[in-house]
Amino acid sequence: MNYKIEVLENKIKESLKTLGYELDNVTINPSNRPDLGDYQFNGIMPLAKTYHKNPVEIANELVPLVKEYEEIKEASVAGPGFINLTFSDNFLIDFMNESNKNIEINYNLGINKTIFLDYGGPNVAKVLHVGHLRSGNIGEALKRLCEAVGCKTISDVHLGDWGRPMGMVILEIKTRHPELAYFKEDYSGEEVDFEITNDDLLELYPIATTKAKEDEAIMEEARKINLDLQNKHIGYYSLWKKIAEVSINEVKRIYKDLNVSFDLWEGESNSYDYIDAVFKYLYSQNIVEESEGAQVIDVKKDDDKIEVPPLILVKSNGAASYAATDLAAIWERTRNYPSDEIWYLTDKRQELHFNQVFRASYKSKMVDEKIKLIWNGFGTMNGPDGKPFKTRDGGVMPLSTLLDMVTAECEKRLMDSITENRYETARTIAVAAIKYADLLPFRTTDYNFDIEKFTDLNGKTGTYLLYSTIRMKSLLNKAKEAGVEFNDIIKISTEAERKIILAMLDLRRIIKRSFENCSLNEIAEYLYKITNLYNNFYAENKIIPEENSEVRASWLALSNIIYNNNLYLLNLLGINIPEKM
Ligand code: ARG
């Protein structure tokens with residue numbers, strides 16, 4: 001794969017070689033003194049150290065060679081041995097026209113791994129909250145980033161659909177409706193006339209779990225039901241399937257609005273099918289020990305800075321742990337969905353859990369060292385007061401309530417002229433506002449929800465980005481309607497254009513780093529930056545009325561590239577664009 005900056009870096013490497021210097025990693029970067037040059041080469045210092053030479057001397061040898069490159073208009077030595085580079089217009093124009101033909105050249109890094117992503121992680125019968133927003137949102141965007149750089153992906157929602165709370169919920173239903181066929185001795189799996197909604201489940205869940213916690217007899221009963229359920233007792237299993245279906249439909253509805261999707265809708269219950277095989281394997285490796293009535297695996301390492309406690313495989317009450325289901329999930333995935341890496345997206349608080357699970361996977365040799373298990377934790381979205389996000393009556397903030405709140409705000413701000421699909425438009429803008437605000441901080445950073453700030457049309461917001469991108473589209477449509485011809489960039493005539501092009505040239509570096517950091521924050525920042533640069537250019541020039549036809553065509557071509565690139569970036573972040581706003 002060939003790319004202009006990389007080609008240039010290789011040329012520098014070759015020139016250094018002709019001068020008798022070997023430098024493995026030649027990189028040039030955007031200059032932090034744009035008045036002196038577009039890019040900078042800072043690699044002379046380490047080289048001078050290796051060759052025991054004065055860096056300025058080496059720089060002076062290199063500059064005349066660099067000046068000969070067709071890409072370079074000007075090169076000069078600065079400070080203690082940096083080289084400032086100014087690109088030729090032809091180089092910049094060629095690059096842009098290549099992007100005009102195929103925007104993907106800026107994204108595809110030729111990384112062809114298969115990456116399995118586990119994100120979303122909603123729980124059956126439980127409310128979908130802002131934590132599930134972050135996991136879904138960041139996971140979806142990371143999946144798209146993986147694909148953009150050239151990888152194949154497999155995505156799994158990994159529902160929390162198994163375990164004792166399921167027993168508690170079933171018991172509560174049984175207490176309320178003992179007459180249901182599910183609970184009869186002779187039930188054999190036929191359809192039962194029983195309606196339960198997601199709202200019913202949300203009402204029921206906290207009651208069921210509190211009752212069990214407060215009353216040992218109820219807990220014991222729930223435990224029994226859960227055990228029967230895990231052994232696929234036909235009545236409980238059929239009821240559980242119904243509950244899971246109701247929850248999954250609600251999750252699908254909300255994730256659809258959020259543009260979050262999955263290849264697999266599996267969950268802990270699917271992993272559970274492999275639990276016996278996993279236990280058998282782990283015991284055969286002689287790494288499971290008994291500790292205070294529980295079955296554990298020691299996963300500490302000699303160089304641990306903080307203590308890593310043993311992974312609990314089976315709790316003292318005999319139940320398989322959360323860690324056990326994750327080991328089973330890994331067992332299943334490595335067999336059924338071979339991949340090079342498995343990425344997990346969860347709240348920062350699950351760090352220890354995944355650390356233990358990963359260590360146990362490698363220690364037991366259940367997973368080959370070549371397969372990378374990667375946990376990507378994220379920070380919390382807090383309420384406007386900086387404390388965990390709560391509803392007015394003190395409960396956890398359901399994701400649907402949050403979405404409705406922001407949609408209402410966006411609808412209020414929508415122009416009166418938008419009469420058709422007002423709600424849908426407001427919804428799309430609201431989702432963009434929330435998702436953009438969510439992707440903007442570095443993944444692990446906590447942030448506060450701020451409805452005013454997130455929806456501000458003049459701020460660093462999804463709203464601003466949508467508005468600006470739609471304006472680019474309408475400019476291009478107007479030009480087409482007026483029959484103005486444009487195709488490629490022919491010339492660069494203003495400083496504002498040059499700045500936009502230099503930002504485009506930097507895109508690949510941003511993509512690469514974002515992929516390495518598994519974070520979207522730099523891409524979100526970049527989208528804002530390039531949109532702003534374009535808007536400055538747009539404000540300074542009257543594009544369609546411009547009389548010089550070469551200038552006008554170049555400006556429109558530039559607008560077309562930035563528009564397409566914005567579409568690509570918004571889509572990468574999982575953000576949809578309304579028709580109008
Ligand atoms: N259901 C979990 C939760 O709500 C998240 C699941 C994350 N994925 C996993 N393989 N453990 O916290």
Side-chain angles (χ1 to χ4, degrees), residues 115-140 142-143 153-166 168-169 201-202 205-206 209 243-244 247-248 250-252 254-255 258 260 262-275 278 311-313 320-337 339 341-361 366-367 371-381 388-389 396-400 443 518:
I115 299 180
F116 190 106
L117 294 104
D118 173 321
Y119 60 93
N123 301 311
V124 161
K126 250 173 119 174
V127 64
L128 198 64
H129 57 69
V130 292
H132 300 118
L133 162 80
R134 297 219 72 196
S135 181
N137 193 24
I138 301 174
E140 179 70 27
L142 281 180
K143 174 180 77 181
T153 65
I154 308 164
S155 52
D156 181 18
V157 67
H158 205 70
L159 296 162
D161 58 355
W162 211 234
R164 217 180 325 146
M166 295 298 117
M168 297 175 193
V169 168
L201 289 173
L202 296 187
Y205 188 95
T209 48
I243 300 169
S247 283
I248 291 171
E250 172 67 5
V251 169
K252 283 193 173 162
I254 296 184
Y255 275 164
L258 286 171
V260 171
F262 303 91
D263 299 322
L264 307 172
W265 280 82
E266 298 213 345
E268 292 173 18
S269 63
N270 301 87
S271 309
Y272 205 80
D273 292 341
Y274 298 83
I275 210 120
V278 171
L311 172 146
I312 298 175
L313 195 62
S321 66
Y322 180 40
T325 64
D326 262 319
L327 287 168
I330 292 177
W331 178 277
E332 178 197 2
R333 288 169 184 173
T334 46
R335 276 160 186 75
N336 298 347
Y337 308 102
S339 52
E341 296 182 2
I342 306 180
W343 291 13
Y344 293 82
L345 271 295
T346 75
D347 185 296
K348 274 192 293 208
R349 285 168 293 194
Q350 297 199 27
E351 177 167 17
L352 175 63
H353 165 76
F354 283 102
N355 191 6
Q356 292 172 316
V357 168
F358 295 172
R359 285 184 179 195
S361 305
M366 197 179 98
V367 174
I371 299 172
K372 283 203 191 127
L373 301 170
I374 297 170
W375 171 75
N376 293 309
F378 53 79
T380 14
M381 180 212 265
F389 213 160
V396 284
M397 174 65 77
L399 186 44
S400 55
R443 175 167 47 71
C518 303

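The structure presented is a predicted model; accordingly, all values stated were derived computationally and were not measured. Ligands are counted one by one from 1 in listed order, and the atoms in each one are counted from 1 as well.
Within the 4.0 Å heavy-atom cutoff, H132 counts among the residues contacting ligand 1.
For atom 12 (O) of ligand 1, the closest non-hydrogen atom on the protein side is Q350 NE2, 2.9 Å. With hydrogens left out, the protein atom closest to atom 3 (C) of ligand 1 is G121 O, 3.7 Å, a heavy atom. In this structure, atom 8 (N) of ligand 1 lies nearest to the protein heavy atom D118 OD1, 3.1 Å.
Side-chain atoms of N376 do not come within 3.5 Å of backbone N or O of L345 as any donor-acceptor pair. With D161 contributing its side chain and S269 its backbone, the two residues share a donor-acceptor pair below 3.5 Å.
No side-chain donor-acceptor contact under 3.5 Å links N123 and Y205.
Ligand 1 places these atoms under 4.0 Å from at least one heavy atom of Y322: 2 (C), 5 (C), 6 (C), 7 (C), 9 (C), 11 (N). Within ligand 1, counting atoms from 1 as listed, the ones closer than 4.0 Å to a heavy atom of Y344 are 10 (N). Below 4.0 Å from some heavy atom of F354 lie the following atoms of ligand 1, by number and element: 9 (C), 11 (N). Contact atoms of ligand 1 toward H158: 8 (N), 9 (C), 10 (N) (distance under 4.0 Å to a heavy atom of the residue). Short contacts between ligand 1 and T346, defined as distances under 4.0 Å to a heavy atom of the residue, involve ligand atoms 7 (C).
Ring geometry for F354 versus Y344: interplanar angle of 30 to 60°, hence tilted. Ring geometry for F262 versus W265: interplanar angle over 60°, hence perpendicular rather than tilted (30 to 60°).
When heavy-atom distances to ligand 1 are checked against a 4.0 Å cut-off, N123 comes that close only through its side chain, counted from C-beta outward. Within the 4.0 Å heavy-atom criterion, the part of D326 lying near ligand 1 is the side chain and not the backbone.
Side-chain atoms of R333 and D118, non-hydrogen and from C-beta on, do get closer than 4.5 Å to each other.
Within the model, atoms CD1 of I115 and OG1 of T153 stand 8.5 Å from one another, a figure rounded to the nearest 0.5 Å. Of the inter-residue distances, the one linking W375 atom CH2 with H353 atom NE2 reads 10.5 Å to the nearest 0.5 angstrom.
Looking at ligand 1, you won't find any N or O of R333 less than 3.5 Å from one of its N or O atoms.
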